[in-house]
Amino acid sequence: MIVVEGLRLKGFSEYRYTFYKTRYLPDGRMTSVKVYMENESIRRVLPRVASFLSFLERSKQIEQSEGKKEEEKVGLI
């Protein structure tokens with residue numbers, strides 16, 4: 001599961017975000033966590049998340065979004 005969490009931290013004027021990947025056992029227990037970014041602004045986190053999702057699409061680990069499929073059919077990509 002890929003997660004982006006936002007928290008309001010003291011000393012910052014905006015929310016700070018953490019981007020991480022976690023795995024769970026079938027019974028719901030968490031087995032591992034890999035943190036990619038911690039306590040960063042949304043401007044830094046969103047491009048990293050987009051890049052990660054793009055990587056997953058290219059490596060066929062997830063399906064492309066419907067919007068991208070339609071753009072490919074029309075020849076926009």
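The number of heavy-atom neighbours closer than 6.0 Å to OH of Tyr15, taken from other residues, nucleotides and ligands shown, is 12 or below.
No donor-acceptor pair under 3.5 Å is formed between the side chain of Ser32 and the backbone N or O of Thr22. Arg8 places no side-chain N or O within donor-acceptor distance of the main-chain N or O of Arg16, the cut-off being under 3.5 Å. Under a 3.5 Å cut-off, the side chain of Thr31 and the backbone N or O of Arg23 do form a donor-acceptor pair.
Side chains of Thr18 and Val4 form no contact here, defined as non-hydrogen atoms less than 4.5 Å apart.
The minimum heavy-atom distance between Tyr20 and Val35, with the atom names listed, is CB-CA, 3.8 Å. The minimum heavy-atom distance linking Val45 with Met37 is given by the pair CA-SD, 4.0 Å.
Using a 30° and 60° split on the angle between ring planes, Phe52 and Phe19 fall in the perpendicular class, above 60°.
Following chains of ILVMFWY side-chain contacts shorter than 4.5 Å, one can reach Leu56 starting from Tyr36, so the two form part of one hydrophobic cluster. Hydrophobic clustering keeps Ile2 apart from Val33 (ILVMFWY residues linked when any side-chain heavy atoms are closer than 4.5 Å, directly or through intermediates). Cluster annotation: Phe12 is not connected to Ile42 through the hydrophobic network of ILVMFWY side chains, with a link wherever side-chain heavy atoms come within less than 4.5 Å.
Here the straight-line distance linking atom CG of Asn39 with atom CD of Glu5 works out to 10.5 Å at 0.5 Å rounding.
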